[in-house]
Amino acid sequence: MSDERAERIADLIEPLRVRPGSTVRLARDFDPGYKARIRKKDGVELLSSGIELLADYQRRLAAQDTYGVLVCLQALDAGGKDGTIRHVMSGVNPQGVRVTGFKVPSAEELDHDYLWRYARHLPARGEIGIFNRSHYEEVLVVRVHPENLRRQKLPPAARDDEVWERRYREINDWERYLSDNGFKIVKLFLNLSKEEQRIRFLKRIDVPERNWKFSPADVRERARWDDYQRAFSRMLSATSTEWAPWYVVPADHKWFARICAAAVLAHTLIGIDPQYPRVGDETRRELAEVKRDLEREAPEGAAPDPYAKAGKKGKRSGGKG
Ligand code: ATP
Ligand code: MG
């Protein structure tokens with residue numbers, strides 16, 4: 001990875017980062033239609049090179065088996081979470097990625113502390129875990145609809161007026177703990193405008209193949225638009241930290257949102273800089289011995305070792321092998 005490329009990625013995402021300690025007012029601070037003066041046709045190429053980059057880093061992350069990455073995706077309905085996951089992850093080995101969607105909590109989940117169900121789906125070392133909705137629902141939908149809090153069977157002291165401030169702190173502490181222990185957290189909020197949401201809902205109604213994506217509940221949530229904007233703004237202000245900053249991804253242009261999501265993830269992986277494990281001298285000697293035996297077994301006319309000249313890339317040079 002060239003430093004220049006890493007710098008370009010860092011520059012692209014810098015305006016999206018929520019500075020820890022700053023007070024966010026979404027409508028004032030972040031434009032859902034922003035596209036960094038990139039044209040859509042250049043964007044397509046950018047995304048595909050970003051996807052290749054991610055695939056390479058993911059192979060190294062898995063091989064090194066020391067760090068894990070957790071991507072938390074939050075958005076309003078029709079914000080484009082599913083499409084973002086599909087596109088950004090299209091190049092990576094499915095074995096190294098785990099996507100978990102979080103819906104209304106089950107009875108079993110409500111019988112535990114509120115972070116329990118999220119902790120159960122954390123990625124392992126070497127993995128990229130994606131939360132399609134995340135523990136942040138606990139300060140979003142639960143805050144906008146207090147009946148959700150009532151269902152959580154909390155003792156009185158845990159549901160007093162301080163509950164939201166306490167949850168922000170608990171979430172920050174939990175993320176710090178994860179980050180200190182090798183699990184880096186990428187937090188993306190897909191920031192959609194009210195008008196673009198209206199258009200996307202209409203498309204879901206007008207195009208029969210998209211009808212299944214539409215739920216009347218989405219319109220009920222839309223009616224609470226201002227409450228959600230406030231809850232998102234407070235969440236962004238309170239939980240963007242040095243160890244797990246939020247990025248507000250402009251989501252009105254799907255193609256640009258995908259580039260940004262890929263760039264933030266790439267930036268995190270570049271920071272980790274995972275390396276393929278190197279074997280020690282003794283193992284290398286053993287490998288050389290086995291190599292000699294294998295070469296001696298070559299049938300008549302076959303190259304003793306078709307990879308010998310190809311070097312690092314592991315491409316064969318002649319022979320059927
Ligand atoms: P889709 O794109 O398919 O609509 P989705 O993530 O919106 O995906 P839905 O099944 O439509 O999935 O919605 C899940 C619902 O679960 C959302 O309304 C969300 O607010 C709600 N939910 C998630 N977490 C919690 C929680 N902790 N408490 C209460 N409701 C929650
Ligand atoms: Mg939905």
Side-chain angles (χ1 to χ4, degrees), residues 32 70-89 98-122 129-154 158-159 163-164 166-168 170-171 174-175 187-192 194 196-236 238-239 249 251-252 254 257-258 261:
L70 171 65
V71 181
C72 300
L73 259 185
Q74 288 295 153
L76 279 156
D77 292 304
K81 291 184 276 104
D82 293 354
T84 302
I85 296 171
R86 210 168 45 244
H87 281 81
V88 172
M89 291 307 184
R98 211 162 5 141
V99 184
T100 312
F102 292 98
K103 316 259 174 188
V104 177
S106 67
E108 188 195 16
E109 287 167 344
L110 290 171
D111 241 354
H112 290 265
D113 65 278
Y114 73 93
L115 289 177
W116 180 77
R117 66 170 185 158
Y118 308 98
R120 297 177 82 203
H121 294 282
L122 287 172
I130 300 177
F131 281 1
N132 183 347
R133 299 184 187 268
S134 68
H135 48 294
Y136 283 100
E137 290 294 329
E138 302 295 336
V139 293
L140 293 167
V141 67
V142 180
R143 185 167 193 171
V144 173
H145 298 283
E147 61 272 24
N148 289 311
L149 192 67
R150 284 196 286 278
R151 269 188 225 118
Q152 294 189 350
K153 307 203 266 181
L154 296 162
R159 53 182 151 82
V163 57
W164 309 116
R166 202 164 44 238
R167 284 195 174 192
Y168 294 144
E170 288 159 352
I171 288 173
W174 188 55
E175 292 179 353
K187 302 192 295 201
L188 303 173
F189 168 56
L190 303 182
N191 186 27
L192 188 71
K194 197 171 184 186
E196 182 61 23
Q197 188 192 54
R198 188 181 74 90
I199 293 167
R200 289 187 191 174
F201 279 176
L202 281 171
K203 191 165 181 185
R204 290 178 179 188
I205 293 166
D206 293 341
V207 180
E209 291 76 25
R210 290 186 187 242
N211 285 171
W212 67 275
K213 274 227 141 210
F214 187 77
S215 141
D218 294 349
V219 177
R220 283 200 298 276
E221 293 308 287
R222 178 175 166 82
R224 304 293 300 274
W225 182 271
D226 292 341
D227 296 328
Y228 271 104
Q229 292 289 302
R230 205 169 309 123
F232 277 118
S233 297
R234 287 169 164 170
M235 170 198 82
L236 293 166
T239 61
V249 172
D252 277 6
K254 285 182 180 173
R258 289 163 191 168

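FYI, the numbering just counts along the sequence from 1. Whatever order the structure lists them in is the order used to number ligands and atoms, beginning at 1.
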query: Should Asp77 and Arg133 count as an ion pair when the cut-off is N to O under 4.0 Å?
result: yes
Residues in contact with ligand 1, criterion: heavy atom under 4.0 Å: Asp77, Lys81, Asp82, Phe102, Lys103, Val104, Pro105, Arg117, Tyr118, Arg133, Glu137, Glu138, Val141, Val142, Asn148, Lys213
task: Could you tell me how the ring of Phe232 sits relative to the ring of Tyr228: parallel (under 30°), tilted (30 to 60°) or perpendicular (over 60°)?
output: tilted
- prompt: Quick one: side chain to side chain donor-acceptor pair (under 3.5 Å) partners of Lys194, sequence neighbours excluded?
  reply: none
task: Only counting residues at least two apart or in another chain, list the ones meeting ring pair (Phe, Tyr, Trp, His ring centres under 6.0 Å) with Phe214.
output: Phe201
query: Would you say the side-chain atoms of His87 pair up with the backbone N or O of Gly83, donor to acceptor, closer than 3.5 Å?
result: yes
Results of salt bridge (Lys or Arg N to Asp or Glu O under 4.0 Å) for Glu221 - residues two or more places apart only: none
